[in-house]
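Below is one structure, written out as structure tokens, with a few remarks after it.
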Amino acid sequence: METVVVRMRDGIDEAGIRRAGEILRRGGLVAFPTETVYGLGADALDEKASAKIYQAKGRPSDNPLIVHIADWDAIGKIAVDIPAEAKLLADAFWPGPLTMILKKSDAVPLATTGGLDTVAVRLPGHEVARALIRAGGGYVAAPSANTSGRPSPTTAEHVAQDMDGVIDMIIDGGDVEIGLESTIIDLTDGTPTILRPGYISREMLGRVLGEVEVDRALTSEDVNLRPKAPGMKYRHYAPKAQLFIVQGPQRQVRERINAMTEANAAKGQRTGVIGTDESQAFYANAVVKSIGSRQDEGSIARHLYGILREFDESDVSVIYSEAFDTPQMGQAIMNRLIKAAGHQIIAV
Ligand code: AMP
Ligand code: MG
């Protein structure tokens with residue numbers, strides 16, 4: 001199939017949105033920008049359309065989709081027994097990068113929720129996303145618009161790398177703002193619990209709700225603990241090269257990376273390094289990429305997935321990354337980086 005690309009970098013193009021909305025209403029697939037990453041959208045209430053998302057991504061069928069809405073009032077059709085916390089969180093963080101797990105209504109097909117009786121709901125901050133959702137009927141299931149297992153797309157070019165010829169349309173909204181997927185909070189099971197860390201931190205949620213827990217599977221080394229978000233159990237974001245995180249005091253990290261790079265060079269192996277604006281000049285004999293500045297954690301979050309994709313274009317066989325335990329998004333950044341590295345961490 002031919003994938004049409006419609007440019008909306010400078011805001012909403014009404015004709016383009018109408019066309020995209022028609023594709024969704026017909027059961028087709030449209031990739032679109034959100035403030036977190038690019039989403040791959042289909043009509044969430046149409047099980048055949050949802051099934052197409054799984055097929056296009058090669059996504060395991062037990063990994064449920066997030067349903068995107070454009071207005072708070074839309075929530076009543078897809079969720080039941082909505083707790084008071086949901087409205088408090090919506091008032092504080094919607095439109096924005098927060099997904100809530102609620103009990104689903106019969107309107108949502110099990111194909112969309114991976115067989116679960118709960119539904120993940122988000123009201124995104126990006127105006128193009130909200131216009132598309134309205135044009136498409138109000139309920140758009142959208143996981144990240146990447147092939148399953150690859151880094152999530154943060155530009156329309158990334159989407160095209162994975163989805164050109166596979167989906168009906170890509171809306172190009174330029175670079176995304178945040179670069180990491182939404183925070184997911186479960187409101188169906190006792191104390192509100194974070195199932196996936198994101199831009200909205202535990203502290204920010206705690207200020208609205210009081211007590212907030214974090215799914216133990218996210219922080220524990222126990223591999224037998226099953227994450228409550230089915231998608232969190234899969235290896236994700238993995239670059240083709242072997243990725244290691246080197247963690248410790250910054251000077252020691254730099255020295256260790258340089259020593260390992262030398263050793264690799266002696267074996268004829270090319271090394272990649274993920275450093276920062278502050279550290280990149282210290283690395284030698286490697287393909288060095290700066291992820292951003294430690295003074296601006298948003299820049300680190302924004303560039304993480306793009307850098308992992310860039311390394312797939314180079315001929316390095318090993319990549320060493322510094323660790324980025326930044327104040328607000330550190331948990332989210334490290335959660336994604338550790339998955340990308342398949343938990344290979346070198347402590348110095
Ligand atoms: P993605 O949209 O690709 O970033 O992935 C969506 C994430 O939301 C996955 O980790 C899913 O497992 C999670 N998710 C979606 N619906 C639910 C649900 N009903 N309960 C728990 N996790 C969910
Ligand atoms: Mg994803």
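First listed ligand is number 1; within each ligand, the first listed atom is number 1.
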Practice problem: Just need the protein heavy atom nearest to atom 19 (N) of ligand 1, so name the residue and atom and give the distance. | Solution: Thr118 OG1, 2.9 Å
Quiz item: Is the NZ or CZ atom of Lys289 both under 6.0 Å from the centre of the six-membered ring of Phe311 and within 45° of that ring's axis?
Solution: yes
Quiz item: the Mg ion (ligand 2) to Ser152: any N/O/S contact under 2.8 Å?
Solution: no
Quiz item: For ligand 1, which atoms, with element, lie under 4.0 Å from some heavy atom of Ala229?
Solution: 12 (O), 21 (C), 22 (N)
Quiz item: Looking at Glu181, which atoms of ligand 1 are within less than 4.0 Å of one of its heavy atoms?
Solution: 4 (O)
Quiz item: Where the closest heavy atom to atom 21 (C) of ligand 1 is concerned, which of Arg59, Lys57, Lys228 has it?
Solution: Lys228
Quiz item: If you measure from the Lys or Arg side-chain nitrogens to the Asp or Glu carboxylate oxygens, is any gap between Lys104 and Asp117 under 4.0 Å?
Solution: no
Exercise. Evaluate side-chain contact (heavy atoms from CB on, under 4.5 Å) for Arg130 paired with Arg134, printing each intermediate quantity in order.
Key: CA-CA 6 Å; Arg130 290 200 304 277; Arg134 291 196 186 105; 4.3 Å; yes
Practice problem: Would you mind running through ligand 1 and noting each atom that sits below 4.0 Å from a heavy atom of Arg196? | Solution: 1 (P), 4 (O), 5 (O), 6 (C), 7 (C)
Quiz item: side-chain contact (heavy atoms from CB on, under 4.5 Å) with Thr3: which of Leu29, Asp168, Asp164?
Solution: Asp164
Quiz item: What is the nearest protein non-hydrogen atom to atom 8 (O) of ligand 1, stated with its residue, atom name and distance?
Solution: Ile184 CD1, 3.2 Å
Quiz prompt | The one among Ile101, Asn146, Asp62, Leu40 that brings a heavy atom closest to atom 18 (C) of ligand 1 | solution = Ile101
Self-check item: For atom 12 (O) of ligand 1, the protein heavy atom that lies nearest, with its residue and separation
Solution: Gly231 N, 2.7 Å
Self-check item: Close-contact set for ligand 1 against Asn63 heavy atoms, below 4.0 Å
Solution: 9 (C), 11 (C), 12 (O)
Self-check item: Nearest non-hydrogen protein atom, atom 2 (O) of ligand 1
Solution: Pro143 CA, 3.1 Å
Quiz item: Quick one: does ligand 1 sit under 4.0 Å from the side chain of Val37, the backbone, both or neither, non-hydrogen atoms only?
Solution: neither
Practice problem: Identify, for atom 14 (N) of ligand 1, the protein heavy atom at the shortest distance, and state residue, atom and that distance. | Solution: Pro64 CG, 3.7 Å
